[in-house]
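Here's the structure we're looking at; comments come further down.
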Amino acid sequence: MIPVALPSVEALLLLAFLLVTTCGWVVWTLSLLVRYAAGRWKRPMILPYGLVTAVALFTLWQIGDFYLQMNAYENERAASYRPELSAPARLGQIDMPKGTKLELAVANTPESFNRALFPHPVSVTNIDAVEIERYISIKTNENYETVGFAPESMRVTGNGVAIQSAWRCDATQLVEFDLKPDGDISAFTRCVLADGNVVDGIRLPKGTSVRSSTGNVYIDGFVDRDRWVVDTPEGQVVHIDDFALQDVTLAFDEGRKLYEIRSAKLSEEKSVGMDRFPPGTEINLNSRQIRGEYPGAWWLRPSAGLTAPEAGRSMVLSRDGKVLSIRPD
């Protein structure tokens, strides 16, 4: 944190005196003008009024000077931190056209841009991009002086649909990437899906979010094999095997094969033999809690408050619907 000196009590009192005096002068002068206009003019006491007028004029001059200085500072800052390219340039491994508006993390250093707004769509990693936002890590020394910077991540907004790591992303919403120190793309990390994504036979609805994963880490230190985590939009139904599911969080492996369903609820009643599971029943696939004994199995667990086949029990099913176990919940 950069240390900032606070104004002294004397300075604050002086400022308050000047402002109060100026306000008093304004009221006094207006009252004189009103009396003059009403024909009730009475000459004010010259010395007191003259002193108050001098103080007020000095205060107003200081306020005006401060405003001009701040305006000049803002103009200088705009030129230093918010330039517009006067000619095409390649910044952060991106070819930017003339007229691109930049916001910089480091003054007068275009390579440090944390936002770029293009005058027309520009091709950026298979996206017709209109805007880029980057997170820039700033390095400072013990005197809080900037000694370096490095881009860490980038979010791109554009037009149409963009293919990223075989996912069909809605480019009108944020598409996110990790960056290398030179600004080049390291990896695709997140987007909102467009229509047309069918993964391992599962049709994912528009608006589904997908993010990359290095493996879910459990409290015992175990790291899972998931590489993509997908969250469907609230209320949208996804059909997997013989189940209609909603509010689904799925995990896929590196080959985009369904690895796990971490959370989901039945969107409609499901019959298993003589048992009926109502809408809202919680359901998982290949949960780690039962994976050792029943790998790749469905696990239905009635939610609290729902009418279940038998209170306090859950059911484990194979992918083809065979009952593998009835367990105490």
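Just so it is clear, the model here is predicted, and its values are computed rather than measured.
- Residues F177 and V192 do not share a hydrophobic cluster, defined by chaining ILVMFWY side chains whose heavy atoms lie under 4.5 Å apart.
- For the residue pair N216 and R262, the shortest heavy atom distance occurs at CB-NH2, 3.2 Å.
- Side-chain atoms of S263 and D247, non-hydrogen and from C-beta on, never get closer than 4.5 Å to each other.
- Remark: the backbone N or O of V55 is paired with a side-chain donor or acceptor of T59 at under 3.5 angstrom.
- Legend: side-chain hydrogen bond (donor to acceptor under 3.5 Å, both in side chains) pairs involving residues 173-195, not counting sequence neighbours, sorted by first then second residue: D170-Q173.
- Here the CG atom belonging to L91 is positioned 6.0 Å from the CG atom belonging to L85, to the nearest 0.5 angstrom.
- For the atom pair OG of S213 and OH of Y259, the computed distance is 10.5 Å after rounding to the nearest 0.5 Å.
- Judged by distance alone, the side chains of N108 and Y81 never bring a donor and an acceptor atom under 3.5 Å apart.
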Could you walk me through whether D224 and R291 satisfy the salt bridge (charged side-chain N to carboxylate O under 4.0 Å, His left out) test, starting with their C-alpha distance in whole Å, then the side-chain angles of each, then the deciding distance to 0.1 Å, before giving a yes or no? CA-CA 12 Å; D224 225 329; R291 191 183 302 163; 3.1 Å; yes
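- The backbone N or O of F243 sits nowhere less than 3.5 Å from a side-chain atom of D241 that would complete a donor-acceptor pair.
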Derivation of the salt bridge (charged side-chain N to carboxylate O under 4.0 Å, His left out) call for E254 and R225: CA-CA 8 Å; E254 191 169 1; R225 295 193 296 110; over 6 Å; no
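- Under the 6.0 Å distance and 45° angle rule, R288 counts as a cation-pi partner of F222.
- Within a 6.0 Å radius of CG in D242, other residues, nucleotides and ligands contribute 12 heavy atoms or fewer.
- To the nearest 0.5 Å, the span separating CD on E282 from CH2 on W299 amounts to 9.5 Å.
- Hydrophobic cluster membership is shared by V238 and W167, with clusters built from Ile, Leu, Val, Met, Phe, Trp and Tyr side chains linked at under 4.5 angstrom.
- At a threshold of 4.5 Å between side-chain heavy atoms, the hydrophobic network of Ile, Leu, Val, Met, Phe, Trp and Tyr places M154 and I136 in two separate groups.
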Hey, mind stepping through D231 and T208 against side chain to side chain contact (heavy atoms under 4.5 Å, CB included) and telling me if it holds? CA-CA 6 Å; D231 295 295; T208 295; 5.8 Å; no
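- For the atom pair C191 SG and L174 CG, the distance stands at 10.5 Å (nearest 0.5 Å).
- In this structure, CZ in R168 is found 10.0 Å from CG in L193, a value given to the nearest 0.5 Å.
- A side-chain hydrogen bond (donor to acceptor under 3.5 Å, both in side chains) check over residues 112-121, counting only residues at least two apart or in different chains, returns the pairs E103-R115, R115-E131.
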Checking W228 against D253 for the side-chain hydrogen bond (donor to acceptor under 3.5 Å, both in side chains) test, could you report, in this order, the C-alpha distance in whole Å, the side-chain angles of both residues, the deciding distance, and whether it holds? CA-CA 7 Å; W228 300 101; D253 63 17; over 6 Å; no
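- Cation-pi geometry between R134 and F113 is met: under 6.0 angstrom from the ring centre, within 45 degrees of the axis.
- With hydrogens and angles disregarded, no donor-acceptor distance shorter than 3.5 Å links the side chain of R301 to the backbone of S314.
- Residues V130 and M96 do not share a hydrophobic cluster, defined by chaining ILVMFWY side chains whose heavy atoms lie under 4.5 Å apart.
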Starting from the C-alpha separation in whole Å, work towards a yes-or-no answer on side chain to side chain contact (heavy atoms under 4.5 Å, CB included) for F252 and R227. CA-CA 6 Å; F252 294 88; R227 291 297 176 265; over 6 Å; no
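- With contacts defined as side-chain heavy-atom distances shorter than 4.5 Å, the pair I138/T140 qualifies.
- In this structure, the side chain of T109 engages the main chain of A107 through a donor-acceptor pair within 3.5 Å.
- Checking D275, V316, I283, N284 one by one against L300, the side chain to side chain contact (heavy atoms under 4.5 Å, CB included) holds for a single residue, I283.
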Salt bridge (charged side-chain N to carboxylate O under 4.0 Å, His left out) assessment of R155 paired with E133: CA-CA 5 Å; R155 303 191 298 179; E133 296 177 356; 2.6 Å; yes
Which is it for S271 and F277 under the side chain to side chain contact (heavy atoms under 4.5 Å, CB included) test, yes or no, and what are the steps along the way? CA-CA 6 Å; S271 297; F277 290 88; over 6 Å; no
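- Between N126 and A162 the shortest heavy-atom distance is O-CB, 3.6 Å.
- Listed for the N286 side chain is a donor-acceptor partner under 3.5 Å among the backbone atoms of G296.
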Between L204 and V230, is the side chain to side chain contact (heavy atoms under 4.5 Å, CB included) condition met? List the steps. CA-CA 9 Å; L204 299 173; V230 170; 4.2 Å; yes
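- Counting all heavy atoms, side chain and backbone alike, C169 lies closest to F188 at SG-CZ, 3.9 Å.
- D95 and R90 make their closest contact through OD1-NH1, 3.0 Å (heavy atoms, listed as atom of the first residue, atom of the second, distance).
- Across every non-hydrogen atom of S318 and W298, the tightest pair is O-CD1, 3.6 Å.
- Not one N or O on the side chain of T146 forms a donor-acceptor pair closer than 3.5 Å with the backbone of G148.
- The closest donor-acceptor contact from the side chain of T232 to the backbone of Q236 lies at 3.5 Å or more, if one exists at all.
- Here the closest non-hydrogen pair linking L104 and S80 is CD1-O, 3.4 Å.
- By the neighbour-count criterion of 12 heavy atoms within 6.0 Å, atom CZ of R203 is sparsely surrounded, having that number or fewer from other residues, nucleotides or ligands.
- Annotation: side chain of P151 is not in contact with side chain of P181 (no heavy-atom distance under 4.5 Å).
- If you take OG1 on T157 and CD1 on I132, they are separated by 9.5 Å, rounding to the nearest 0.5 Å.
- When the options I202, V229, D226, L245 are evaluated for a side chain to side chain contact (heavy atoms under 4.5 Å, CB included) with L250, the one that passes is I202.
- I127 and V161 are members of different hydrophobic clusters when ILVMFWY side chains are connected at heavy-atom separations under 4.5 Å.
- Of the possible donor and acceptor atoms, one in the side chain of R256 sits under 3.5 Å from a partner among the backbone N and O of A166.
- No more than 12 heavy atoms of other residues, nucleotides or ligands shown are found within 6.0 angstrom of CZ on F66.
- Using a 4.5 Å heavy-atom cutoff, the side chains of P205 and P233 are in contact.
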